[in-house]
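Shown next, in structure tokens, is the structure this report addresses.
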Amino acid sequence: MIDIQPEKLGELRQFITQFQGKPYFESNLIAVLHKAQALFGYLPREAMDTIAEAMNIPTAHIWGVATFYHYFNLKPIGKFVISVCLGTACYVKGAQEVLDTLRNELHIKVGETTPDMLFTLQEARCLGACGIAPVIMINDKIYGELNSKKVVDLINQMRKSAAKG
Amino acid sequence: MSQITIFINDKEYKVESGQTIMQTADHLGYHIPRLCYHPKLSIEGACRVCIVEVEGVRNFVASCAYPVRDGMKIRTNTKELRQTRRDIVELILDNHPEDCHTCERNYNCELQRLAYSMGIRRRHFTGEKKHYDKDLSSEAVIRDPNKCILCGRCVRMCSEIQKVHNLTQAHRGFKTVVMPAYNMPFKESVCTACGQCINVCPTAAFLERDYTQELFEALNDKSKIKVAQFAPSVRAAIGEAFNLEPGRNMEGELVAAFRKLGFDYVFDTQFAADLTIMEEASEFLERLQSGGKLPMITSCSSAWMKCMEQFYPDLIENVSTCRSPMSMAGSLIKSYFADKIGVDPDTIYSVATMCCTAKKYEAARPELVVDGRRGVDMVVTTREMAWMIKSAGIDFLNIEKEKPDSPLGMSSGAGAIFGTTGGVMEAAIRTAYELYTGETLVDIEVEAIRGLKGVKEGKLTMDGAEIRVAVAHGLGNACQLLDIVRKEPQRYHFIEIMGCPGGCVGGGGQPYASVNAIPLDENALQKRAQALYDLDRHKTIRRSHDNPDVQKLYREFLQRPLSPVSHKYLHTHYHAKTPRGIIPRVELK
Ligand code: SF4
Ligand code: SF4
Ligand code: SF4
Ligand code: FES
């Protein structure tokens, strides 16, 4: 499990103080959630509890907002977030095979993260790179014209780079 | 506001401006179908069941959210409208379980009624159904997201009227689910167990935890002595579950029905209400005379009890240590009464029928255990008891009325009015005045604190001393009052809080609104309250301290109010609990 460093919660509290006393104080919730995600990589319950207390907003309301926007991660994510494009073009060109390979190689389902916190697997609608279908995106980078072998090679590369630190 | 002219279905009407089409149509006798709308809650405009046609406006408009204007031509019942509405409701049914015949809300379901009145007689599509786990963690309120149609009434009830803010519509689109923060189990959430979400839910997505099967089993257990008690407001409301008008007092029928169901002894929680007054009035006077913490706040509402521990731990010392009448009766049943009939208290099965879901939570509070045992083994709601009476084939409306048993059955008029907002305070005043001044209070009906105003204030003079009291019902109103108390601790001496709108008569376990009525209809709440005030007026004994059985109980067992024996059986304590509740300063959208 990920440790929630108290310093980071302190930083989050500090961040909130800049809005204190200003009109529509509560309307800064989204900005504050962004900050929390920047600090922790996702929205841990401890961060949402801290925000609730510091902003005097019920946790249920924060939870409603946090779950509404796909941008917010509710669970810790891996170092590499892999999005597999399942748009029509990719699908026709074998995206399912790519996805199945990733699932087998990483032993996780879509939406999950490997226990070593290296990889998170996601589905995506069209990533806008149909010309080089099938594609995946790892963090912000697109990889195209994939097949099973290329995918496995990519994963091994990532593993090596992570091991080097 | 001014007079304007509108046309509904080509008929001309003079109406007030500044209202919605739905409100106006209601006054004129057109009931536009609706689902997410509730007159006491903010307008969500989500379900679109209430659409009407307005000439000159391209799309159908949601009548619950659209204001009337001069010259407006409205149509409520065209072919296209009927078809579109029907499509909307069919879409809701599309991913709703087809469970009616095994569903708790069967015959009591707004969705069923709506589907029927739309003329939906067969299903055209069956879509993807939701599959979520039920939340059965709480002793009081359970949640079945599969039955939820996302009208949002519960969320608004919990945040706007109760100010508990336990619920939200999490996620989006097809995946939207009503849940507490972090999808926490109810038991671990800030839920006060008030059950008001159950009352406003049109379907079976929220229900009380049902103990009826276990109770039928216990009633058949020959080795147990089965003892019943029932709250004042149960008698004032249960008739509605048998299609009677609100406000019929069914006390005698209930006692008879309990005996027919197999209870060996039937006691009345109103007796314990008298006892509560003896203890609470004495506690108040002691605080007043010895400089104790004031204002003193009443403690008999279980939802308020939980709310206080999570939202107002700073006020714990202000709250009376008295148990609720139900719990006082419970501990006496397993001590004083067990002794009287010479049985081992563990052979007694003690069951309370309550207007309240939170009483299920209260009965399980470890703080209330005396000599290793619970005073109340099971709580069922008015709704559950109504069902049991029907299921057992008891002819409730025609049975001969009966009287409760001694020694915990006789009650004063003060005990009866406990079931309505202001009643506990009024009952306490009747007794406190006499204990303090030694004189009898002549004018015992305290009008200032009766009725459905959210926060009520009153004053009385006792031997020249001015005593200021306040009363709030519904946790949202309580929150307003307690804000004042936090700012001005000297302003009041004595405060009554009941967790539900209208007090216990509006409890989360009361019968569902009947056809064409709305949940928490003020008219119905008033009639239920009136039944209790009538009960009071028809009693010769109207002050708790005049109840001869209460006096006898003190002589034989408790000695005097606030004695060590009283403390053991009739009082309790509270702790700050987590998660801490948060009440926002502004309405969040
Ligand atoms: S909630 Fe209503 S419509 Fe749904 S299954 Fe139950 S009775 Fe039927
Ligand atoms: S029982 Fe009361 S406090 Fe709990 S969720 Fe329902 S309305 Fe809110
Ligand atoms: S639980 Fe009931 S009241 Fe709440 S949104 Fe669902 S259907 Fe509506
Ligand atoms: S009742 Fe008007 S939109 Fe739901």
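Every chain is numbered from 1 and lettered A, B, ... according to where its sequence line falls, protein lines coming before strand lines.
Under a 3.5 Å cut-off, the side chain of Arg209(B) and the backbone N or O of Ser138(B) do form a donor-acceptor pair. Without hydrogens or angle criteria, Thr381(B) side chain to Thr357(B) main chain gives no donor-acceptor distance under 3.5 Å. A donor-acceptor pair under 3.5 Å is absent between the side-chain atoms of Arg143(B) and the main chain of Asp135(B), judged by distance alone. In terms of modelled atom types and a separation under 3.5 Å, the side chain of Asn146(B) and the main chain of His96(B) share no donor-acceptor contact. Remark: the backbone N or O of Lys577(B) is not paired with any side-chain donor or acceptor of His575(B) at under 3.5 angstrom.
There is a side-chain donor-acceptor pair under 3.5 Å between Glu160(B) and Ser42(B).
Residues meeting the ring-ring contact (aromatic ring centres under 6.0 Å, His included) test with Phe206(B), sequence neighbours left out: Phe186(B). Applying the side-chain contact (heavy atoms from CB on, under 4.5 Å) test to Arg172(B) and every residue at least two apart in sequence or in another chain returns Phe68(A), His70(A).
Heavy atoms of Met55(A) lying under 4.5 Å from chain B belong exclusively to its backbone. When heavy atoms are compared at a cutoff of 4.5 Å, Leu74(A) approaches chain B solely by way of its side chain, counted from C-beta outward.
At a heavy-atom separation below 4.5 angstrom, chain B is approached by no residue within residues 136-148 of chain A. Residues of residues 10-37 of chain A lying within less than 4.5 angstrom of chain B, judged on heavy atoms, are Phe25(A), Glu26(A) in numerical order.
Screening Arg153(B), Arg34(B), Arg105(B) against Glu110(B) for a salt bridge (Lys or Arg N to Asp or Glu O under 4.0 Å) leaves a single residue, Arg153(B).
One finds no salt bridge joining Glu208(B) and Lys360(B) here, because no Lys/Arg side-chain nitrogen approaches an Asp/Glu carboxylate oxygen to under 4.0 Å.
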